[in-house]
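In what follows, a single structure is set out as structure tokens and then discussed.
Letters A, B, ... mirror the listed sequences (proteins, then strands); counts begin at 1.
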2 protein chains.
Amino acid sequence: MNTLEKIQKNLANFSKSERKVAEVILANPQTAIQSSIATLAKMADVSEPTVNRFCRRLDTKGFPDFKLHLAQSLANGTPYVSRHVEVNDSADAYSNKIFESSMAALDSARQSIDPQQINRAVDMLTQADQISFFGLGASAAVAHDALNKFFRFNVPVVCFDDVLMMRMSCINAREGAVVVLFSHTGRTKTLVDIARLAKENHAQVIAVTSKDSPLSKEATLAVTMDVPEDTDLYMPMASRLAQMVAVDVLATGFTLRRGPRFRENLKRVKEALKESRFEKPQPL
Amino acid sequence: MNTLEKIQKNLANFSKSERKVAEVILANPQTAIQSSIATLAKMADVSEPTVNRFCRRLDTKGFPDFKLHLAQSLANGTPYVSRHVEVNDSADAYSNKIFESSMAALDSARQSIDPQQINRAVDMLTQADQISFFGLGASAAVAHDALNKFFRFNVPVVCFDDVLMMRMSCINAREGAVVVLFSHTGRTKTLVDIARLAKENHAQVIAVTSKDSPLSKEATLAVTMDVPEDTDLYMPMASRLAQMVAVDVLATGFTLRRGPRFRENLKRVKEALKESRFEKPQPL
DNA sequence: AGAATGATGTAATTTAACTACATTAGAATG
DNA sequence: CATTCTAATGTAGTTAAATTACATCATTCT
């Protein structure tokens, strides 16, 4: 756990003098990590060993080690002890919290993603004659985004956020088709049906979803990630961000697999956009 | 800049012995921050003052200060020195790099966003009779996502990723309409035209884009963010992620502004989804 | 080849952190 | 209310770590 949060949480368990230390640190953590034990002791109006004991109580080896831990918890730019939005938060406060919790969610996704799954998914995608991206609700935006990315690769791609269209598209599927389904929970009944339908029509199914979900079991290959659930009502879903980054990862794997000539192609697509833009003023 | 990157970047500028130190640190940064200057010197097979000089060269006050900086750069879970994808990267490598650069981009956006702009945008949105979200290319997905979010608020919302539809919609605009435009560069000519058209028809225009761009100047209100540009071919646009989080921030501001009764409403919308899902197995 | 500059190491010094012990404050018991 | 015990805090001494000053070595340029 974040050291700063830990201090905040244990405030009640500290002794009188230790609490003084805690308060000085919470009030100005950035100063704390730059101070010596003597300075900090003076600021909190306690003795040096008290500061040292305080550090040990937080499961660190001593003062320098404590500073290291504190520095790490500050590094994430987390001046806010809690990442949960409160009713009376200022714009600055909730903006920071939302960005931070989004970043934390991405980190969690990063740690839980399995490179082998990525590799296999890239295999399937590079060999596909046709790729379809399906998503409902919030994941519809992800499917659109995937379309926008893979479209540049000059592969036949489609994208649907409508169940009927998905169904029809699956019925027409043939061998060589790959269907990519996005769903955070992996529990949406219609999507699981679609996965089954696609398989029945000889398409391969990649599910970008959460581990052990019905959808992940139905799919030919599941690319799974752990993303903290949005239990908090005010907290928007970080899952679609993680899914988008997963799309980026797959697209990157795709371009790497396709080799240098293919990448030349991409550059041209990018440059084709230039004409539709106002020129950027060149820095002097 | 991230200390670890800095070391990597300056490798050529270091002297022979300093490079030894750099390599030992790069090889195992986690060990480095837990070592004393003596241990590290021994590991790099150099003298202690050399390590000290190395630290100073990186603009730190000395060894302990250097460790602090290094700890901070490790905190973001950055085991990869470079965030740029290389041709021969493994799936694990490029996956991590992409997640990390996405997180870095969000952090940069977080730091550059202006809470006052957020506040004013929330003002405008809460008072709107009708909200339109427009985006082209990669930002189309963001517009869709915004629709999905604001749709729950029981406000008339539309979303277009087609220029003609945008135009028609603007022509029918009246006072009380708010148009939200998403564009990373803010230089897409057609979008700037749309902004002008919307204003001519008495709609208010919010642009989620980059600072000082043509679009930001044309808009009634610009919500601007600095997101590192995707100079690298393999590096996908992180801008759309930042835009999505910005949408989350605006949506959160919206719900907070609307008060508790409104939030009850949201809960009901969320619960309405339950029936379409497979039940989650309850943990024992 | 020799001087001069920059890099590196050695040893001494300073500073910071930690330990052991003494003192004090506060709680519990008669 | 006094007394004793325990926990908390501080003092002083010790150890370890980091830094400085200086000496030596390598390298480059004339």
Side-chain angles (χ1 to χ4, degrees), chain A residues 3 6-74, chain B residues 3 6-74:
Chain A
T3 307
K6 210 164 166 181
I7 297 175
Q8 174 83 7
K9 215 172 175 180
N10 287 336
L11 261 184
N13 303 335
F14 292 134
S15 75
K16 212 193 307 171
S17 305
E18 282 170 345
R19 200 167 313 133
K20 281 199 231 170
V21 178
E23 273 156 12
V24 168
I25 293 171
L26 287 175
N28 210 334
Q30 203 58 46
T31 313
I33 58 171
Q34 295 189 351
S35 313
S36 72
I37 194 168
T39 339
L40 195 63
K42 208 171 281 174
M43 283 199 285
D45 193 31
V46 297
S47 71
E48 297 184 25
T50 300
V51 177
N52 194 281
R53 281 187 282 261
F54 169 83
C55 298
R56 297 237 162 100
R57 197 169 296 277
L58 287 144
D59 303 317
T60 60
K61 281 192 238 156
F63 184 69
D65 189 41
F66 167 77
K67 285 210 289 188
L68 243 41
H69 282 260
L70 187 59
Q72 296 206 323
S73 81
L74 287 177
Chain B
T3 307
K6 210 164 167 182
I7 297 175
Q8 173 81 6
K9 214 173 176 182
N10 287 337
L11 260 186
N13 303 335
F14 292 135
S15 73
K16 213 192 307 172
S17 305
E18 282 171 345
R19 203 167 311 133
K20 281 200 228 170
V21 179
E23 273 155 13
V24 167
I25 292 171
L26 288 175
N28 210 333
Q30 204 57 49
T31 314
I33 57 171
Q34 294 189 352
S35 313
S36 72
I37 195 167
T39 337
L40 196 63
K42 208 171 279 173
M43 283 198 284
D45 193 30
V46 298
S47 71
E48 299 184 24
T50 299
V51 176
N52 195 280
R53 281 187 282 261
F54 169 85
C55 298
R56 295 237 162 98
R57 198 169 295 277
L58 287 145
D59 305 317
T60 62
K61 281 192 240 158
F63 184 70
D65 188 41
F66 167 78
K67 285 210 290 188
L68 242 40
H69 282 259
L70 187 59
Q72 296 206 324
S73 80
L74 287 178

- Task: Report yes if a side-chain nitrogen or oxygen of B:K61 is closer than 4.0 Å to either non-bridging phosphate oxygen (OP1 or OP2) of D:dT19; otherwise report no.
- Result: no
- Provide, to the nearest angstrom, the distance between the CD1 atom belonging to B:I37 and the C1' atom belonging to C:dT14. 14 Å
- Task: Taking A:T60 for its side chain and A:C55 for its backbone only, find out whether a donor-acceptor pair lies under 3.5 Å.
- Result: yes
- Do any side-chain nitrogens or oxygens of A:R56 fall under 4.0 Å of OP1 or OP2 in C:dT19? yes
- Just to confirm, is there a sub-4.0 Å distance from OP1 or OP2 of D:dT27 to any side-chain nitrogen or oxygen of B:K16? yes
- Between D:dA17 (P) and B:K67 (NZ): distance, integer Å: 9 Å
- Message: Tell me whether the side-chain N/O atoms of A:S17 come closer than 4.0 Å to OP1 or OP2 in D:dA8.
- Response: no
- Query: When the distance from NZ of A:K42 to P of C:dA16 is rounded to whole Å, what number comes out?
  - Reply: 10 Å
- Can a side chain N or O of A:T50 be found less than 4.0 Å away from OP1 or OP2 on D:dG10? yes
- Spacing of B:K20 atom NZ relative to C:dA7 atom P, expressed in whole Å: 15 Å
- Message: So if I apply the salt bridge (charged side-chain N to carboxylate O under 4.0 Å, His left out) rule between B:E18 and each of B:R57, B:R53, B:R56, which one comes out positive?
- Response: B:R57
- Item | Donor-acceptor pair, side chain of A:K67 and main chain of A:I37, under 3.5 angstrom | no
- Message: Please check: side-chain N/O of B:Q72 versus main-chain N/O of A:A71, any donor-acceptor pairing under 3.5 Å?
- Response: yes
- Message: What is the distance, to the nearest angstrom, from the CG atom on B:L68 to the C1' atom on D:dA18?
- Response: 15 Å
- Task: To the nearest Å, give me how far apart CD (B:E48) and C1' (C:dG9) are.
- Result: 11 Å
- Would you mind reading off the distance between A:F63 atom CZ and C:dA16 atom C1', rounded to a whole angstrom? 10 Å
- Message: For C:dT10 and B:S47 - does any side-chain N or O of the residue sit under 4.0 Å from the phosphate oxygens OP1/OP2?
- Response: no
- Contact under 4.0 Å: A:N52 side-chain N or O vs C:dC18 OP1/OP2: yes
- Hey, what do you get for CZ (B:F66) to CD1 (B:I25), rounding to the nearest 0.5 Å? 3.5 Å
- Return the value, rounded to whole Å, for the distance between atom CZ of B:R19 and atom P of C:dA7. 11 Å
